[in-house]
Amino acid sequence: MENNEKQLLKEFAPQIERTGVQGYIWILFLLSVIGLGVFAFIQQVTKGHVVTGMRDNVVWGIYIVNFIFFMGVSYAGALISGTLHLFRTAWRKPVIRMAEFITIISLLIGPCYILLCIGRLDKLHYLILHGRIQSPITWDVIAISTDIFGCLIFLYLAVLRDLANMRDFEELQLPKWRKKLYRVLALGYTGTEDQKKRLDRATNIMATMVIAIAIIVYSVLAWIFSVTLQPGWHSTIFGPYFVIAAVYSGSAVLIVAMWFFRKVYHLEQYITKKHFISVGVIMLVLAAFFGYFTFSDYLTKWYGSEKNDELLIQLLFKEFYWPFIISNYVGVLLPLLVVGIAKLRTITNITLTAVVVIIALWLNRYLIVIPTLQSPYLPIQDSRPEWSIYSSTWVEWSLTAAGVALFCLLFTIASKFIPIVTVSGNVQETKPEDVLI
Amino acid sequence: MIVEEEQTNKKNSRRQFLKKGLLAGAAVAASGGMLKAYSEKTGGESGEKVKVMTTNGEVMEVDKAMLKLPRVSIEEAHLGIPGKKFVMVIDLGKCKNARKCVEGCQKAHHLPKSQEFMKVYLLQDSEKTSPYWFPKPCFHCDNPLCVSVCPVGATFKRTDGIVLIDNNRCIGCKFCMTGCPYSTRVFAWKHYPEFDEDKQPYSPEASSPGKEGTVSKCDFCPDLIRVGKVPYCVSSCPMGVIYFGDVDEDTVTNGTETFQFSELIRDRAGYRYLEVLGTRPCVYYLPPVDRQFPVDRGFNDLDESVKNRYLNTPYAQKHKL
Ligand code: SF4
Ligand code: SF4
Ligand code: SF4
């Protein structure tokens, strides 16, 4: 281990060795939110999906919105960390680990939401047993499992050096089992020239792969909607649109995570304003792209105005007026202003903008899913209000909150296990060109 | 047990069915003969009598056991009835929203009130055009998106054109519900008590008993067709709005009248709903011309809750119904 690495580790030792009272309260809070989610889930399983707000017209509700959202955040993490890694971006070290964690944690949570939409969880294995390759859901099963696998490997390779560092760092006050765990997980990595070279090669390859897989997976997810004939979904732009929206939301989540860890673990020295601005600029560029895609999608629907598209647009501007404004106007313009104007570019402002962007993108998915299901070709004629207008129930909200809590919890645990900022710094790295060999 | 009985009876009844053809079968059914003949075959009277209406409007008392149709196994249900290609024709000029098709179908399929395989819409294509009642079963599309998107093959298209669902296989992902552009499919959001009424083993051809967490829809009643009868909605409609038949035999019947399918479609300008979507439905509509009833008649004798459905339509709002 090099000296400066040791220095860094020493600084991170407290957060890894101990959890303060505040930390425990935080974890307890998260656990109780998750507990509520578990209770809601039990309700849903025992009483049936009738406890949700979903009905025959709006067959998918906020579960699928959360699914798209978490998957989006995850792909964004993959794209951002992969790209930062490949391009050897100078400022990446303090934030790349967070991006990697975001990727893997939301990737584990996202698919749970699609399971919540499934009426017969007892037959889930039929997806493999009787899987039909013609169905976009099968594409998704294949793509997501490949993605989980790829991202896990990428993350593992990315933390391997630090695992070895942890193992070799004797001063660390940790129970025996954890030391042992580091020893096992470090796979005997000692940092010889040969090992370094191989590890770098592997990481580069995985970074490239993860970027490619992320694009494919998110496109496949978009196709679940756009292969159908539903007005509002049947759009060729959905693949790239979803990818952009995903990376956009991920950049915002990354900023919020940076702010959070900076505060809690006092990382002011490592995560500086420069980092916020750098990720902020990424967010700005993505905001522009996102705005462009949104605009061209709705413009073509509105201008050509097929009858059902027209109805959909009417619905969006009437019943969904505020969500529409927040997601597609505020969500696009705010980052352009805040990051674009040098005066406004403070850490607090950028973080607040990121929070708004996260909300806007969640709403964006809501607006993609729900209004379309509420305006099918045959008009909904039903006297039961819950059958024609979707409104999510406490069960769905509890499970949504539980997902967010689980995300925070896993993030917290992960940061207790491995330094949230990459420690291993001064290693020789191969150039990205080597990947191509 | 019934499925077993059915195995021995099946060959018999099918041969008979094929020989006589659907029309002859419908005629027998209309006279009530088929019901009797059928009960002799499946054997055993329960002693409990129920009232049924035959296709020519006669009410007769039959033994409850007679109402039980034989059910084919799930594998058999995948095959389809050989040499057949079923079609339905709905005459919009005659429909007055009597809703007997909906009720007949629901009763026979042991459906709760909240699940309708047949739905009746009040449609009006544009402001100046005339409103009309629009009964809508599953269209049993020849290019069914619901089938393409199903990840486990729980919904399938048979050689006789019928699209069925196997609720033992269905995982309840509801992708088919978003895939179908006609809002045809219904989901069992919970276990409905009506499901328990049906004591026979499940068959996709009967779509019953239903199962919580799975999808179902209009099945074109192949269990009835197999014994030479027309679907419940056809026989329950007092106006004879719905015709059922075979494209290859080129005949359709509503139980009392029989037409040559191609002639009917030609002379009455039959069309398919939303042809533009490319799903190629097997259900044809005859345009709402030469009305037998004014549209308002459809609002008579409705349950409050059913009536409320239509209050949001432009037509009802305009006329303050
Ligand atoms: S009407 Fe809908 S459910 Fe029926 S076959 Fe066509 S696509 Fe499938
Ligand atoms: S809900 Fe059932 S029938 Fe429909 S697509 Fe999913 S598995 Fe297939
Ligand atoms: S064909 Fe059979 S299942 Fe379909 S609506 Fe008519 S009675 Fe119901």
Side-chain angles (χ1 to χ4, degrees), chain A residues 45-52 54-60 64 114-115 117-141 224-225 227-231 233-234 306-308 369 372-373 376-385 387-388, chain B residues 114-116 119-123 125-126 134 136 145 147-154 167-192 211-215 273-274 276-279 303-314:
Chain A
V45 169
T46 50
K47 297 200 174 132
H49 281 214
V50 71
V51 298
T52 69
M54 301 184 279
R55 289 297 180 270
D56 280 353
N57 291 298
V58 184
V59 292
W60 291 336
I64 207 114
I114 197 92
L115 298 185
C117 297
I118 286 189
R120 298 224 57 110
L121 286 173
D122 52 325
K123 293 183 194 154
L124 205 59
H125 56 286
Y126 286 4
L127 277 174
I128 296 170
L129 216 61
H130 301 291
R132 281 172 76 250
I133 197 69
Q134 298 94 318
S135 167
I137 290 200
T138 311
W139 309 346
D140 239 334
V141 171
I224 288 209
F225 298 93
V227 296
T228 69
L229 294 167
Q230 304 294 346
W233 287 0
H234 194 45
E306 222 175 78
K307 186 174 161 194
N308 286 285
V369 176
T372 285
L373 290 173
Y377 280 107
L378 273 151
I380 299 175
Q381 295 182 346
D382 213 306
S383 51
R384 300 157 295 182
W387 237 261
S388 33
Chain B
S114 61
Q115 290 198 313
E116 294 178 353
K119 294 174 191 156
V120 186
Y121 289 85
L122 176 58
L123 293 188
D125 297 342
S126 68
F134 185 79
K136 188 197 59 78
L145 205 60
V147 171
S148 321
V149 300
C150 179
V152 293
N167 78 12
N168 280 335
R169 176 71 68 83
C170 174
I171 61 167
C173 66
K174 308 169 200 157
F175 196 8
C176 54
M177 298 182 82
T178 62
C180 169
Y182 305 111
S183 315
T184 292
R185 297 172 160 246
V186 296
F187 188 77
W189 296 98
K190 60 175 182 192
H191 181 86
Y192 298 101
K211 191 183 265 176
E212 183 198 326
T214 64
V215 169
Y273 189 66
L274 283 180
V276 67
L277 295 180
T279 43
D303 278 357
E304 203 53 32
S305 70
V306 177
K307 190 171 173 185
N308 287 342
R309 289 182 189 192
Y310 304 113
L311 295 188
N312 268 338
T313 56

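Lettering follows sequence order; numbering is per chain, from 1. All of these numbers come straight from a predicted model, not from anything done at the bench.
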Open item on the list: Between B:L311 and chain A, with a heavy-atom cut-off of 4.5 Å, which part of the residue counts as in contact: side chain, backbone, both or neither?
Closed with: neither
Task: Closest non-hydrogen atom pair, B:E212 against A:G48 - done: OE2-CA, 3.2 Å
- [ ] With side chain to side chain contact (heavy atoms under 4.5 Å, CB included) as the test, would you mind laying out the steps for A:D56 and B:M177 before giving the verdict?
- [x] CA-CA 8 Å; A:D56 280 353; B:M177 298 182 82; 3.7 Å; yes
Open item on the list: Looking only at heavy atoms and a cut-off of under 4.5 Å, which of A:L373, A:I224, A:L124 has the most pairs with chain B?
Closed with: A:I224
Task: Most contacts with chain B, counted as non-hydrogen pairs under 4.5 angstrom, among A:R132, A:H49, A:K47 - done: A:R132
- [ ] Can you tell which part of A:W139 gets under 4.5 Å to a heavy atom of chain B, answering side chain, backbone, both or neither?
- [x] neither
TODO: Quick one: pull up CD in B:E116 and CG in A:D382 and give me the separation to the nearest 0.5 Å.
DONE: 8.0 Å
Task: Residue pair A:M54 / B:W189, side-chain heavy-atom distance below 4.5 Å - done: yes
Task: Top contributor to chain A contacts, counting heavy-atom pairs under 4.5 Å, from B:Y273, B:F134, B:Y121, B:Y310 - done: B:Y121
TODO: Work out which heavy atom in B:S305 is nearest to a heavy atom in A:S383; give both atom names and the distance.
DONE: O-OG, 2.7 Å
TODO: Look at B:K174, B:E304, B:K190 and state which one has the largest set of heavy-atom pairs under 4.5 Å with chain A.
DONE: B:K174
Task: Spacing of CZ belonging to A:R120 relative to CG belonging to B:N168, to within rounding of 0.5 Å - done: 9.0 Å
Open item on the list: Given heavy-atom pairs under 4.5 angstrom as the criterion, report whether the side chain, backbone, both or neither of B:L277 touches chain A.
Closed with: both
TODO: Mind ranking B:G213, B:P151, B:C170, B:G172 by heavy-atom pairs under 4.5 Å with chain A and telling me who comes out on top?
DONE: B:P151
- [ ] Hey, could you give me the OG1/CG distance between B:T178 and A:L229, rounded to the nearest 0.5 Å?
- [x] 10.0 Å
- [ ] Measure across B:S183 and A:P376 and return the closest heavy-atom pair with its distance rounded to 0.1 Å.
- [x] OG-CB, 3.6 Å
Task: Nearest-0.5 Å distance, CG of residue A:L378 to CG of residue B:L274 - done: 6.5 Å
- [ ] Below 4.5 Å from any heavy atom of chain A, which atoms of B:T313 appear? Answer side chain, backbone, both or neither.
- [x] side chain
Task: Heavy-atom side-chain contact between B:F187 and A:V59 under 4.5 Å - done: no
Open item on the list: Is B:K307 in contact with chain A via its backbone, its side chain, both, or neither, using a 4.5 Å heavy-atom distance?
Closed with: neither
Task: Which of B:T279, B:V120, B:V149, B:N308 touches chain A most, by non-hydrogen pairs under 4.5 Å - done: B:V149
Open item on the list: Which atoms of B:S148 are under 4.5 Å from chain A, going by heavy atoms: the side chain, the backbone, both sets, or neither?
Closed with: backbone
- [ ] Could you look at B:D125 and say if it's the side chain, the backbone, both or neither that has a heavy atom under 4.5 Å from chain A?
- [x] backbone
